[in-house]
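First the structure, in the form of structure tokens, and then the observations on it.
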Protein chains: 2
Amino acid sequence: MPGLPPRQLGAYFALVEAASLLQHAVEQQLKADGDLSYIQFQLLMRLFGADGRLTMTELADGVVYSRSGLTYQAGLLEKAALITRAPDPRDDRATVVTITDAGRERIDRVLPGHVELVRRLVFAPLSDQDVSTLGDLMGRVRDQMRAEPPRSAAPRKRSQRNRDARDSR
Amino acid sequence: MPGLPPRQLGAYFALVEAASLLQHAVEQQLKADGDLSYIQFQLLMRLFGADGRLTMTELADGVVYSRSGLTYQAGLLEKAALITRAPDPRDDRATVVTITDAGRERIDRVLPGHVELVRRLVFAPLSDQDVSTLGDLMGRVRDQMRAEPPRSAAPRKRSQRNRDARDSR
DNA sequence: TATTGTTATACTCTATAACTATA
DNA sequence: TATAGTTATAGAGTATAACAATA
């Protein structure tokens, strides 16, 4: 790949391939153990860690890239009785999402296998020091991406549509 | 997340979120600049780096998780005239995939923006030393995952009906 | 018998645009 | 006018199973 020094190239490829393998393995595990997609798991975990209730937009943040995508996933979770949706008393435009007991149970059911898998796939070959370092590096990369104006440097020439969708969040 | 020490938890979350953001940003760029999905880009890159021709199974390795998925993507690339498929003279079961001039041109068109994006999103906040370290750590994680018995250890898949029946008890 | 690849099919997910309703 | 959320719909991608041909 011209334009990227070998060191960076290697790091980039390792990152991409590892992330792809990890995502695939995790999806298998969540599906098998609790019939959840990764996104559904993330949404439930977010509610789990937020004392149970969040508004749709709060819930979406960082997990899903379109409003309708969240509505779709929330619809599935609601149909499975893992969450409920109700109007927000404080803002009649918003809807508050609440995790149900069944939702918590589903997380409880899935989590041990998930933790075990992550431990085996990503942390097994790393020392405690390595883990700290990795957390630091990836944390910086993540923060960089969060801070990036998503489309700013993308060539203006081609499609205006893609940009609009992202920018509107 | 019970069962995972805070350090590991932080590293895991940073990794997952960064990977998700990166994937999304890269897909936008490839689509906008060259009308390619990430997978199609990876397949073309693989051919690009392999002196032009590979067998379907060689091509699939590490990029795609099912045979039919590769056939589908190869079909799209062939329809776009970025690759050709022909019987392998050395093994009549196999088919050899070859990148076309148009395929190379497409890569040439997409690569500058891609490199620029990756540089900005992942390498900007890292020193040269950091990059080496990251490459080392993620390389080890990747190798660990490659070594894992992919499906053999997973519990036999149940049918959807069985799962429903059990869940409703 | 095992392997390579394709096809048929059904399913999941994503995203745009149009819409309602409230701030 | 802007924001929160839903719906309709269309398209992209994925995976399993059945299949044909070759090793």
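Residue numbers start from 1 in every chain, and the chains themselves are labelled A, B, ... in the order their sequence lines are given, proteins ahead of strands. All of these numbers come straight from a predicted model, not from anything done at the bench.
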Flag, side chain of [X] to backbone of [Y], donor-acceptor distance under 3.5 Å:
X	Y	answer
Gln29(A)	Val115(A)	no
Thr100(B)	Leu82(B)	yes
Arg53(B)	Thr98(B)	no
Glu78(B)	Gly75(B)	no

**Asked** So which nucleotide from dA15(D), dT16(C), dA23(C) ends up closest to the side chain of Ser66(A)?
**Response**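 The nucleotide sitting nearest to the side chain is dT16(C).
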
**Request:** For the side chain of Met56(A), starting at C-beta, report the closest nucleotide among dG5(D), dT22(D), dA23(C).
**Result:** dG5(D)

**Any N/O donor-acceptor pair, Ser68(A) side-chain to dT14(C) base, under 3.5 Å** = no

Any base atoms under 4.0 Å from [X], or only sugar-phosphate, or nothing? Heavy atoms, all strands.
X	result
Thr71(A)	base
Asp88(B)	nothing
Ile39(B)	sugar-phosphate

Whole-Å gap separating [atom2] ([N]) and [atom1] ([X]):
X	N	atom1	atom2	result
Arg93(B)	dT3(C)	CZ	C1'	5 Å
Tyr38(B)	dT14(C)	OH	P	18 Å
Gln23(B)	dC13(C)	CD	C1'	13 Å
Asp91(A)	dA2(D)	CG	C1'	12 Å
Leu70(A)	dT7(D)	CG	P	13 Å
Asp92(B)	dA21(D)	CG	C1'	9 Å
Gln42(A)	dC13(C)	CD	C1'	14 Å
Leu54(A)	dA4(D)	CG	P	14 Å

Phosphate oxygens OP1/OP2 of [N]: is one of them under 4.0 Å from a side-chain N or O of [X]?
X	N	answer
Gln73(B)	dT14(D)	yes
Arg85(A)	dT6(D)	yes
Arg67(A)	dA15(C)	no

**Prompt:** Between Leu76(A) and Arg90(A), which is nearer to the 5' end of DNA chain C once each is assigned its nearest nucleotide?
**Reply:** Leu76(A)

**Item:** Closest-nucleotide 5' rank along DNA chain D - winner of Gln40(B) and Glu58(A)
**Value:**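 Here Glu58(A) is the residue nearer the 5' end.
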
**Check against side-chain hydrogen bond (donor to acceptor under 3.5 Å, both in side chains), Thr133(B) and Asp130(B)** = CA-CA 5 Å; Thr133(B) 304; Asp130(B) 291 336; 5.4 Å; no

